[in-house]
Amino acid sequence: MTTALPDRSKNSWLLQVLKWLWDPVGYIETTAKECGDIFTSPVVVNLGEVVFFSNPQGLQTIFTNPQQFPASGNLNKTLQPLLGSNSVILLDGEEHRTRRKLLLPPFHGEKLHACGQLICDITKNVTSQWTVNQPFTIRDTLQKITMQVIFSTVFGLNDQSRYHQLQELLSARLNAMSSPLKASLIFFPFLAKDYGFWSPGRKIIHQQKQIDQLLYAEIQERRAQEQSNRTDILSLLLSARDENGEGMSDKELRDDLITLLVGAYENTATGLAWAFYWIHHLPEVKEKLLAEIDSLGENPDPISLFKLPYLTAVWQETLRIYPVGVLTLPRLVKESIEVGGKHLEAGTIIFPCVHLLHQRQELYPEPKKFKPERFLERQFSPYEYIPFGAGARHCIGAPLAELEMKLVLATILKQYHLELADNRPVKPQRRGLAIEPGGGVKMILKGDRISPL
Ligand code: HEM
């Protein structure tokens with residue numbers, strides 16, 4: 001039956017915003033209990049009231065009708081201070097489609113698979129710094145790995161000292177938005193302005209300037225080099241031409257480079273941290289996974305590892321139970337329409353809610369339990385399982401994230417015997433726009449694994 005407007009929580013605006021900042025998963029779960037799977041929410045403060053949406057049939061309609069539900073880049077303005085106005089995430093319509101066509105090829109097919117060995121080598125190199133019996137936070141290691149992988153993919157190997165500086169500045173820039181309190185700088189952009197020496201905005205603006213200087217220096221140097229045999233993403237973007245024969249401007253290049261770096265490094269490290277937590281929290285999962293990885297022998301090739309069915313199911317279940325991003329990017333209602341049994345007026349902003357969709361009992365029985373087998377027993381449609389979104393803005397880096405997460409997991413599990421430093425269940429907590437395992441997952445290296453005969 002059609003109702004007039006999606007319901008909204010009876011809690012005050014302030015209470016909802018605070019809960020969203022401090023406990024986003026708790027906020028959406030309790031609000032969905034109160035209001036159902038389509039509800040109106042005031043928490044994305046820069047956009048006013050928006051609709052959180054997790055009805056699978058309705059999501060299919062939304063994702064497959066980009067004319068009626070455009071993924072308007074204008075709605076992502078809150079990301080502009082970090083990514084820039086020419087980032088693919090902020091573009092619209094034809095301009096957006098053309099840019100995606102340009103960015104997608106390096107993340108597919110042979111070009112992507114060529115990264116496999118590089119990912120394994122970087123993982124081995126970074127983890128060789130671990131010390132036996134000393135507790136450490138595995139998210140920090142994973143961040144180092146994902147940062148090095150995306151830097152090598154985007155820039156190739158060139159000016160190492162510039163990359164080190166960039167990596168440090170970028171980590172600091174993103175850490176400045178990591179805790180719930182700091183994340184309010186994203187939702188209340190006026191807080192991120194420069195109000196003088198002590199204001200957080202001043203530091204962020206300064207960091208951003210330094211990052212931009214390094215990126216522009218790299219772009220300038222590469223333009224001067226004109227090396228056509230390089231295959232890294234920056235080289236491909238530098239040689240790309242539109243139908244009028246025009247190349248990308250420095251500003252366009254800068255904005256897309258930073259978009260890829262930020263999208264890749266934070267999300268993939270967070271997804272991996274969750275995977276390490278679940279695998280070590282549930283011994284039966286770890287045992288099954290090790291048996292499968294070991295079945296490939298001493299030196300498995302990256303593509304065989306990538307194809308392992310149980311490893312694939314563990315990766316899928318990791319991104320189901322806590323999908324890194326609880327929401328996709330927003331969609332706009334172009335003309336008034338009924339969807340999922342609700343009437344939505346033209347101009348309504350919809351946020352497809354990944355977390356609530358992935359928690360639906362009828363799709364995922366016992367949704368709070370980590371059960372990779374569910375992905376071996378049935379297939380889910382692209383509108384029932386959406387860790388990378390869907391449709392017009394489906395994540396450009398999803399194939400790289402899949403390859404990287406599986407290879408980092410397999411490489412570390414095969415070589416090392418790790419344990420959780422504390423086996424209490426971890427809670428999901430906000431890290432900028434993402435949801436990470438609280439504390440970043442403390443682990444202890446017990447030693448090398450004895451290779452099976
Ligand atoms: C586990 C890792 C990752 C997760 C969970 C993730 C998730 C997402 C989600 C949910 C979206 C929005 C999709 C939508 O609104 O329909 C998205 C968009 C995007 N992601 Fe990812 N992502 C990951 C890794 C990456 C990587 C490795 C890259 C780059 C190499 C990347 C680059 C992007 C870009 C550029 C967009 C915007 C696409 C557009 O505006 O058309 N992401 N991602």
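Whatever order the structure lists ligands and atoms in, that order sets their numbers, starting from 1.
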Checking Q57 against Y383: is there a side-chain donor and acceptor pair closer than 3.5 Å?
no

So if I count the atoms of ligand 1 from 1 in the order they appear, which ones are less than 4.0 Å from some heavy atom of A390?
16 (O)

Between F375 and Y385, does the ring centre distance come in under 6.0 Å?
yes

Relative to ligand 1, is E404 under 4.0 angstrom through side chain, backbone, both or neither, heavy atoms considered?
neither

Ligand 1 to T268 polar contact by distance, N or O atoms, under 3.5 Å:
no

For ligand 1, does P387 get within less than 4.0 Å through its side chain, its backbone, both, or neither, judged by non-hydrogen atoms?
backbone

Can you confirm if the aromatic rings of F53 and F351 lie within a centre distance of less than 6.0 Å?
no

Any luck finding a side-chain donor-acceptor pair between D232 and S235 under 3.5 Å?
yes

So, T146 and T268: side-chain donor and acceptor under 3.5 Å apart, yes or no?
no

Of all the atoms in ligand 1, which lie at a distance below 4.0 Å from a heavy atom belonging to G389?
10 (C), 13 (C), 14 (C), 16 (O)

How close does the nearest protein non-hydrogen atom get to atom 38 (C) of ligand 1, and which residue and atom is it?
R100 NH1, 3.5 Å

What protein heavy atom is closest to atom 16 (O) of ligand 1, reported as residue, atom name and distance in Å?
R331 NH2, 2.9 Å

Options C395, A398, P323, ranked by nearest heavy atom to atom 23 (C) of ligand 1, top entry:
C395

Tabulate below the donor-acceptor pairs under 3.5 Å that side-chain atoms of residues 402-410 make, not counting sequence neighbours, or state none.
from : atom 1 : to   : atom 2 : distance (Å)
E402 : OE2    : K406 : NZ     : 2.7
K406 : NZ     : F306 : O      : 2.9
K406 : NZ     : T312 : OG1    : 3.0

